[in-house]
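Report on the following structure.
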There are 2 protein chains.
Amino acid sequence: MSNPSKNESEPLQAVEVSMTPLQRYEEFLQARGLRNTSQKKFLLEQVFNRHEHFDADLLIEQLPSRGSTNYVSRPTVYRTLKEFVDAGLLHRFELDGRSMYELNYGYPEHDHLYCTKCRQLIEFTSDEIVRLRDEVARSHRFRVKDHRFIIQGVCDQCAKKRSLGRRQDRV
Amino acid sequence: MSNPSKNESEPLQAVEVSMTPLQRYEEFLQARGLRNTSQKKFLLEQVFNRHEHFDADLLIEQLPSRGSTNYVSRPTVYRTLKEFVDAGLLHRFELDGRSMYELNYGYPEHDHLYCTKCRQLIEFTSDEIVRLRDEVARSHRFRVKDHRFIIQGVCDQCAKKRSLGRRQDRV
DNA sequence: ATCGTTGCAAACGTTTTGCATAAGG
DNA sequence: CCTTATGCAAAACGTTTGCAACGAT
């Protein structure tokens, strides 16, 4: 038993890291012989100004449009997000058939509650999950790289206003 | 810390159920005023002959092709799989951007280890995960309907033959 | 006779690709 | 210079939809 998960009511705090995301990214690029272009720099900045999960579409929507300065094309956004994931800056997971991204550098490991009514993702942390994960993996001689744990259901607010502005429940 | 997960080395056993999948499905259809067509019956049979996870594409590939008896069109396969999920016969989850299905009736609840090298899904059961899930949910006043827990990494076999027939690692 | 279901073709939304041009190291 | 990166257009991918004909109840 014991304290299974920290108090999850407050937003997650940033954690100490030795390099800024930009420094870490530049190191990554250098190590691989990749280039740090203006698009990549701009996207990194945009992405690290967010503190919420997002998908490629939402990000693109909020970026300068074709013609504006700092315009980044859709393929480049996809290519760059993939690079950020490779660099360990972002974490990717799938939800409702598309990729979601969230900060993975300078933020504590966490998992999600997913409300299938309002589509809200609620974060929580739990040391026990990590312990359990490693225990299961060890018993299978499996080398863990990552995990996803998503609890699906209905959040408190949606459960209350059951018959009002209820949206489609799709899971 | 107590027995966290049963011995997962043997394949999972079927569990006792009061109705056959077909019976349960017919009850579901009747309750909703839906119809039991030859296509649905045939698909149910095909699906419950499997004991492995599958996606729509793999299933369709192994079904009679256009022109043969028992041919079922692609849209009907998708529509019917969705119905099976609604009926509680199948469980759906997403992997690498597409929907995977597995038996959910007459089989114990379980989670997965996913080898990103050979794409193998390994099942395991853990009571602790369910307990933990419910505990986290309760502390958020969240009404759990389901969860997915996938541990990503490299399986024992792939870890050994590192440099031989290694396939792309995509997660 | 209803009304859900089917197959077809065509659309869909997300992500990826080929390719010619641009630009970082 | 050399090679990676970009933008464009178009393709690819898994999945869904509109619709007319079909078939279960």
Side-chain angles (χ1 to χ4, degrees), chain A residues 22 25-44 53-61 63-87 90 92-101 119 168 170-171, chain B residues 22 25-44 53-61 63-87 90 92-101 119 168 170-171:
Chain A
L22 179 59
Y25 186 46
E26 284 176 339
E27 203 168 79
F28 168 85
L29 292 175
Q30 199 142 12
R32 300 226 187 168
L34 303 175
R35 287 162 193 178
N36 197 358
T37 64
S38 61
Q39 288 91 335
K40 290 179 185 180
K41 265 179 246 156
F42 180 70
L43 287 177
L44 187 67
H53 0 258
F54 61 93
D55 60 18
D57 227 55
L58 179 69
L59 177 60
I60 290 166
E61 212 169 78
L63 248 30
S65 47
R66 206 169 343 192
S68 318
T69 39
N70 283 325
Y71 168 68
V72 184
S73 70
R74 181 170 284 272
T76 294
V77 170
Y78 276 99
R79 289 186 276 234
T80 306
L81 286 175
K82 190 177 288 177
E83 208 171 81
F84 289 169
V85 171
D86 286 349
L90 291 184
R92 177 173 60 212
F93 60 99
E94 279 154 41
L95 199 61
D96 286 340
R98 70 173 151 287
S99 293
M100 301 292 300
Y101 301 86
R119 304 286 165 82
Q168 268 267 82
R170 294 206 318 182
V171 162
Chain B
L22 179 59
Y25 186 46
E26 285 176 337
E27 203 167 78
F28 168 85
L29 292 174
Q30 199 141 12
R32 299 227 188 168
L34 303 175
R35 287 164 191 177
N36 196 358
T37 65
S38 60
Q39 288 92 333
K40 291 180 183 178
K41 265 179 245 157
F42 181 68
L43 287 177
L44 187 65
H53 359 258
F54 61 94
D55 59 18
D57 228 54
L58 179 70
L59 177 60
I60 290 166
E61 212 170 78
L63 249 29
S65 47
R66 206 169 343 191
S68 320
T69 37
N70 283 326
Y71 168 68
V72 183
S73 70
R74 181 171 284 271
T76 295
V77 170
Y78 276 100
R79 289 186 276 234
T80 306
L81 286 176
K82 189 176 288 175
E83 209 171 80
F84 289 170
V85 171
D86 287 348
L90 291 184
R92 179 173 59 213
F93 59 99
E94 278 156 42
L95 198 61
D96 285 340
R98 70 171 150 289
S99 292
M100 301 292 299
Y101 300 87
R119 305 287 164 81
Q168 271 263 84
R170 295 203 318 180
V171 159

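So that the names make sense, note that chain A is the first sequence line, chain B the second, and so on, each numbered from 1. These numbers come from the heavy atoms of this one structure, side chains and all, not from hydrogens, waters or symmetry mates. The shown structure was predicted, so the numbers you read here are calculated from the model rather than taken from an experiment.
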Reckon [X] has a side-chain N or O less than 4.0 Å from the OP1 or OP2 of [N]?
{"X": "Thr37(B)", "N": "dT6(C)", "answer": "yes"}
{"X": "Ser73(A)", "N": "dC8(D)", "answer": "no"}
{"X": "Ser99(B)", "N": "dT15(D)", "answer": "yes"}
{"X": "Gln39(A)", "N": "dG24(C)", "answer": "no"}
{"X": "Gln30(A)", "N": "dG25(C)", "answer": "no"}
{"X": "Lys82(B)", "N": "dT16(D)", "answer": "yes"}

Provide, to the nearest angstrom, the distance between the [atom1] atom belonging to [X] and the [atom2] atom belonging to [N].
{"X": "Asp57(B)", "N": "dA12(D)", "atom1": "CG", "atom2": "P", "answer": "15 Å"}
{"X": "Phe42(A)", "N": "dT6(D)", "atom1": "CZ", "atom2": "C1'", "answer": "16 Å"}
{"X": "Arg79(B)", "N": "dT16(D)", "atom1": "CZ", "atom2": "P", "answer": "11 Å"}
{"X": "Tyr78(B)", "N": "dA11(C)", "atom1": "OH", "atom2": "C1'", "answer": "15 Å"}
{"X": "Glu83(A)", "N": "dT15(C)", "atom1": "CD", "atom2": "C1'", "answer": "17 Å"}
{"X": "Leu59(B)", "N": "dT15(D)", "atom1": "CG", "atom2": "P", "answer": "12 Å"}
{"X": "Leu43(B)", "N": "dT5(C)", "atom1": "CG", "atom2": "P", "answer": "13 Å"}
{"X": "Arg74(A)", "N": "dA11(D)", "atom1": "CZ", "atom2": "P", "answer": "18 Å"}

Which of these nucleotides, [options], is closest to any side-chain atom of [X]?
{"X": "Leu34(B)", "options": "dA5(D), dT5(C), dT15(D)", "value": "dT5(C)"}
{"X": "Arg98(A)", "options": "dT14(C), dG4(C), dG7(D)", "value": "dT14(C)"}
{"X": "Tyr71(B)", "options": "dT14(C), dC8(C), dG14(D)", "value": "dC8(C)"}

Does the pair Asp96(A) and Arg119(A) meet the rule for a side chain to side chain contact (heavy atoms under 4.5 Å, CB included), with working shown? CA-CA 10 Å; Asp96(A) 286 340; Arg119(A) 304 286 165 82; 3.7 Å; yes
Starting from the 5' end of DNA chain C, give me the residue, Gly33(B) or Arg66(B), whose nearest nucleotide shows up first.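 Closer to the 5' end of DNA chain C: Gly33(B).
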A side-chain contact here means heavy atoms from C-beta on lying under 4.5 Å apart; do Leu29(A) and Arg35(A) qualify? no
Side chains of Thr80(A) and Gln39(A) in contact at under 4.5 Å (non-hydrogen atoms): no
From CA spacing to verdict: side chain to side chain contact (heavy atoms under 4.5 Å, CB included), Leu90(B), Phe54(B): CA-CA 11 Å; Leu90(B) 291 184; Phe54(B) 61 94; 4.2 Å; yes
Determine to 10° how strongly the helix from dA1(C)-dT25(D) to dG25(C)-dC1(D) is bent, judged from the axes of its five-pair ends. 40°
Let me see the working for Val72(A) and Phe42(A) under side chain to side chain contact (heavy atoms under 4.5 Å, CB included), right down to the final yes or no. CA-CA 9 Å; Val72(A) 184; Phe42(A) 180 70; 4.2 Å; yes
What distance separates Lys40(A) NZ from Leu34(A) CG, expressed to the nearest 0.5 Å?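 Result: 5.5 Å between the selected atoms.
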Donor-acceptor check, side chain of Glu94(B) to backbone of Ser99(B), threshold 3.5 angstrom: yes or no?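 A pair under 3.5 Å: no.
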Pick base, sugar-phosphate or nothing for Asp55(B), based on heavy-atom distances below 4.0 Å to the nucleic acid.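 Here Asp55(B) touches no strand at all.
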No-H, no-angle donor-acceptor pair, Arg35(B) side chain to dC3(C) base, under 3.5 Å: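 Such a pair is found, so the answer is yes.
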Identify, with sequence neighbours excluded, every residue that meets ring pair (Phe, Tyr, Trp, His ring centres under 6.0 Å) alongside Phe93(B).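 By the ring pair (Phe, Tyr, Trp, His ring centres under 6.0 Å) rule, Phe93(B) matches His112(B).
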